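Notes to accompany the following structure.
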Amino acid sequence: MQGLNQIYIEKMAELEVIKHTKKMHEVATSKKHSFVEKVKEIGLEIFIIVFAVSLSIWLHGWSEHNHEQEQVKKFLLGLKSDIQSDVNDSKAIIKQYQDFGKTYESLSNLDKNKPYNQEELKKQLPYININTYLRPSIYRFNGFVSSGRIGNIENDSLSLNILKYYQQTLSEVNSSESGWMSRQKKLQNYLEENLNNPESISDNWNLLTTPKGKQMTKNLIPWNQIYERYNNVIKSGETIIKQINEEYNLDK
């Protein structure tokens, strides 16, 4: 409807320009008007034409701006959903890493000179082949940025927070995840290359209690940086969500 109204107003402005241009010509060629009268009449018509053109340009700019902001709103509301999903996933992943921490701390404390609980170790071994990582939805953000429309977000603080979130915060999480999974892969390869019977609990115990095995499991106890970076996703994400809610007066 807004687009139709804009076309109607622009068409009316165009007709006004044509009408007053014709009137200027009529006045200029009229023999009934004195030179001074012609100057006054033509000056008035020029003023009307300039006003009509200026109004048309302003209305066009106003319409374009409104259209841009509608696109921005659609983008931000969709982004809010994407980021909320990241926040929820990060909270769940932190709990998963806490489980990893308990498991690998227990494995690193295995002692070749002390008895061990075979049933407990049997439950812990599958963790060596389990990992977790954040799968952020980045397609909406990438599409909006690649189209050059990120500058249409008028709230500078919000746009900067969004850029930092996608270009720095998520990148840092990915870096920590890659580091952890690289260490996990080394442990997996170590067991795969040296186990005579992968299904044997005692064979696994023998390898895990070697100095190398103990060091590898100790290295997989999640370090503080991992938790810090997931918490940064949560904190930054919740800040952006709050800003979007405030921008459009949303309850949540």
Side-chain angles (χ1 to χ4, degrees), residues 81-139 141-142 161 164-241:
S81 176
D82 293 342
I83 293 177
Q84 184 63 64
S85 179
D86 293 346
V87 168
N88 295 340
D89 289 347
S90 293
K91 291 177 180 179
I93 290 172
I94 286 175
K95 292 180 180 178
Q96 183 68 71
Y97 269 106
Q98 289 170 341
D99 287 341
F100 290 157
K102 294 175 184 177
T103 298
Y104 285 110
E105 184 171 1
S106 176
L107 292 176
S108 68
N109 287 327
L110 290 174
D111 192 328
K112 192 176 285 291
N113 299 313
K114 294 180 181 180
Y116 68 98
N117 186 324
Q118 288 198 17
E119 287 302 314
E120 184 67 20
L121 181 56
K122 185 177 180 179
K123 293 177 183 178
Q124 293 171 337
L125 288 176
Y127 275 86
I128 294 174
N129 294 309
I130 297 174
N131 56 44
T132 186
Y133 53 91
L134 184 64
R135 298 174 177 83
S137 179
I138 60 176
Y139 302 108
F141 168 78
N142 286 344
N161 283 339
K164 182 179 179 182
Y165 176 84
Y166 280 95
Q167 297 178 347
Q168 179 177 327
T169 305
L170 292 182
S171 178
E172 289 175 345
V173 164
N174 178 258
S175 177
S176 290
E177 290 172 339
S178 297
W180 190 88
M181 286 189 282
S182 175
R183 297 183 181 191
Q184 183 190 40
K185 189 64 177 177
K186 289 179 180 179
L187 176 60
Q188 292 170 344
N189 290 339
Y190 173 66
L191 294 176
E192 183 179 342
E193 292 168 1
N194 294 282
L195 280 172
N196 294 319
N197 180 7
E199 301 298 322
S200 170
I201 302 301
S202 60
D203 279 5
N204 277 276
W205 178 79
N206 282 328
L207 278 178
L208 291 172
T209 53
T210 63
K212 187 173 183 178
K214 289 174 66 68
Q215 185 60 49
M216 284 183 164
T217 51
K218 184 177 181 180
N219 288 342
L220 281 165
I221 299 172
W223 48 97
N224 289 336
Q225 185 194 69
I226 292 178
Y227 295 116
E228 179 184 330
R229 288 181 170 178
Y230 278 113
N231 280 316
N232 284 342
V233 170
I234 296 169
K235 181 179 178 181
S236 299
E238 289 178 342
T239 295
I240 292 170
I241 290 170

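Starting from 1, each residue takes its place in the sequence as its number. Source: prediction; values computed, not measured.
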If you apply the rule side chain to side chain contact (heavy atoms under 4.5 Å, CB included), what do you find for Y116 with D111, and how did you get there? CA-CA 8 Å; Y116 68 98; D111 192 328; over 6 Å; no

Using the side-chain hydrogen bond (donor to acceptor under 3.5 Å, both in side chains) rule, collect all pairs that involve residues 199-211, keeping only residues at least two apart or in two chains. K112-T209, Y190-T210, S200-S202

Approximate separation, where rounding is to 0.5 Å, of L208 CG and N109 CG: 12.0 Å

Working to the nearest 0.5 Å, report the span between CG of N189 and CG of N194. 10.0 Å

Search all heavy atoms of K214 against all heavy atoms of L110 and return the closest pair with its distance. NZ-O, 2.6 Å

Is any side-chain heavy atom of K164 closer than 4.5 Å to a side-chain heavy atom of S236? no

If every non-hydrogen atom of G101 is compared with every non-hydrogen atom of P222, which pair is closest and at what distance? CA-CD, 3.4 Å

Checking the side chain of T103 only, and the main-chain atoms of D99 only, is there a donor and an acceptor separated by less than 3.5 Å? yes

Can you tell me how far the OG atom of S108 sits from the CD atom of E105, to the nearest 0.5 Å? 6.0 Å

State whether the number of non-hydrogen atoms from other residues, nucleotides or ligands found under 6.0 Å of N197 atom CG is greater than 12. yes

L107 vs L121, side chain to side chain contact (heavy atoms under 4.5 Å, CB included): CA-CA, chis, key distance, verdict: CA-CA 8 Å; L107 292 176; L121 181 56; 3.5 Å; yes

Could you pull out all residues at least two apart from Y165 that satisfy side chain to side chain donor-acceptor pair (under 3.5 Å)? D86

Give a yes or no on whether the backbone of V173 and the side-chain of S176 come within a donor-acceptor separation of less than 3.5 Å. no

Main-chain N/O of S178 paired with S182 side-chain donor or acceptor, under 3.5 Å: no

Near-ring test Y97/F100, centroid separation under 6.0 angstrom: yes

Y133: which residues meet the side chain to side chain donor-acceptor pair (under 3.5 Å) condition with it, sequence neighbours left out? R135

Salt bridge (Lys or Arg N to Asp or Glu O under 4.0 Å): pairs with one or both residues in residues 223-239, sequence neighbours excluded: K91-E238

Minimum heavy-atom distance N232-E172, with the two atoms named: ND2-OE1, 4.5 Å

So L134 and S90, do their side chains get closer than 4.5 Å, heavy atoms only? yes

Could you tell me if the side chain of D82 sits less than 4.5 Å from the side chain of Y166, heavy atoms only? yes

First locate atom CD1 of I226, then atom CD1 of I93, and finally report the distance between them rounded to the nearest 0.5 Å. 11.0 Å

For T169, side chain to side chain donor-acceptor pair (under 3.5 Å) partners two or more places apart: none

Applying side chain to side chain donor-acceptor pair (under 3.5 Å) to N131 and not counting sequence neighbours gives Q184

Once rounded to the nearest 0.5 Å, what's the spacing between atom CD of E119 and atom NZ of K122? 5.5 Å

Approximate separation, where rounding is to 0.5 Å, of I83 CD1 and L170 CG: 8.5 Å

